[in-house]
Amino acid sequence: MISFNNIPKDKPSQNNVAEGRYAASIFKTEMRVGKESGAEYLNVSFKLDDGGFVNENYFDSDKPFLMYKLGRLLDACGVTLSGEGTLKDVAKVIKGKKVVVDVIINDKGYSALDYSNGHDGIYSIGEVEITAEPTAATLDPEITEAIEADVVDDDF
């Protein structure tokens, strides 16, 4: 039931995660289509062990930075692919993998992987230390359950 008396007057923060380094699991991989470009891309959802979620997009592109991001993802997951393939192939082999992520708040106010200032965005477990204890804002348990319930194992 909706409580119309409790609808916020101001736009709430979209973030539930503070900047920092977190242990995480890849809990959802989903192929999406760009609204403007019409091109498919891979959206990866990371569930942070400390609570909260971060999403990152990966593209089929020959641009060096986008290729680097994809390579970091595969390395962090311990996945070695050879020959040719698609992002759908990547989605299938990374789901459920444990990784470490550097999180930053982007210019739109959303949490994203941090590739700036010497950060590599994503790492394999044991590759880096989680030196600080970032404080993730906690979500209402019902919201967390709703996010997790959105995951369908047979997406691909």
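Everything numeric in this text was worked out from a predicted model, so none of it was measured.
Of all heavy-atom pairs between F46 and I26, the closest is CE2-CG1, 3.6 Å. Closest non-hydrogen pair, E19 versus I105, comes out as OE2-N, 3.0 Å. When all heavy atoms of F53 and V17 are compared, the pair lying nearest together is O-CG2, 3.6 Å. Between V99 and C77, the closest heavy-atom pair is CG1-SG, 4.0 Å. The nearest pair of heavy atoms linking G34 to Y41 is N-CE2, 3.7 Å. Across all their heavy atoms, L48 and A24 have their closest contact at CD2-CB, 3.7 Å.
Residue pairs meeting the salt bridge (Lys or Arg N to Asp or Glu O under 4.0 Å) criterion with at least one partner in residues 55-66, sequence neighbours excluded, are E56-K69.
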Q) Does the pair Y123 and D102 meet the rule for a side-chain contact (heavy atoms from CB on, under 4.5 Å), with working shown? A) CA-CA 8 Å; Y123 311 88; D102 284 331; 2.6 Å; yes
**Q.** Audit row: V100, Y22, side-chain contact (heavy atoms from CB on, under 4.5 Å) steps and yes/no
**A.** CA-CA 6 Å; V100 174; Y22 297 86; over 6 Å; no
Q. Can I122 and D75 be said to form a side-chain contact (heavy atoms from CB on, under 4.5 Å), step by step?
A. CA-CA 9 Å; I122 184 170; D75 287 345; over 6 Å; no
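Within the 3.5 Å criterion, the main-chain N or O of S116 finds a donor-acceptor partner in the side chain of D114. Remark: side-chain polar atoms of T29 are paired, donor with acceptor, to backbone N or O of A91 under 3.5 angstrom. In terms of modelled atom types and a separation under 3.5 Å, the side chain of R21 and the main chain of E129 share a donor-acceptor contact. Here the side chain of E30 pairs no donor or acceptor atom with the backbone of L42 at under 3.5 angstrom.
M67 and L73 fall into different hydrophobic clusters, where Ile, Leu, Val, Met, Phe, Trp and Tyr residues are linked whenever their side-chain heavy atoms come under 4.5 Å apart, directly or through other members. Cluster membership for V101 and I104, using ILVMFWY side-chain heavy atoms within less than 4.5 angstrom, is not shared.
Between the side chains of S3 and N5, no donor-acceptor pair of N or O atoms lies under 3.5 Å. At a cut-off of 3.5 Å, with distance as the only test, no side-chain donor of Y58 or N43 sits close to an acceptor on the other residue.
How far CG of N106 is from CG of L113: 10.5 Å, rounded to the nearest 0.5 Å. With values rounded to the nearest 0.5 angstrom, K47 atom NZ is found 8.0 Å from S25 atom OG. With values rounded to the nearest 0.5 angstrom, R32 atom CZ is found 12.5 Å from E40 atom CD.
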For residues 78-86, which side-chain donor-acceptor pairs fall under 3.5 Å, sequence neighbours excluded?
from : atom 1 : to  : atom 2 : distance (Å)
T86  : OG1    : K88 : N      : 3.3
T86  : OG1    : D89 : N      : 3.3
T86  : OG1    : D89 : OD2    : 3.3

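Annotation: ring pair (Phe, Tyr, Trp, His ring centres under 6.0 Å) contacts of F65 (sequence neighbours excluded): Y115.
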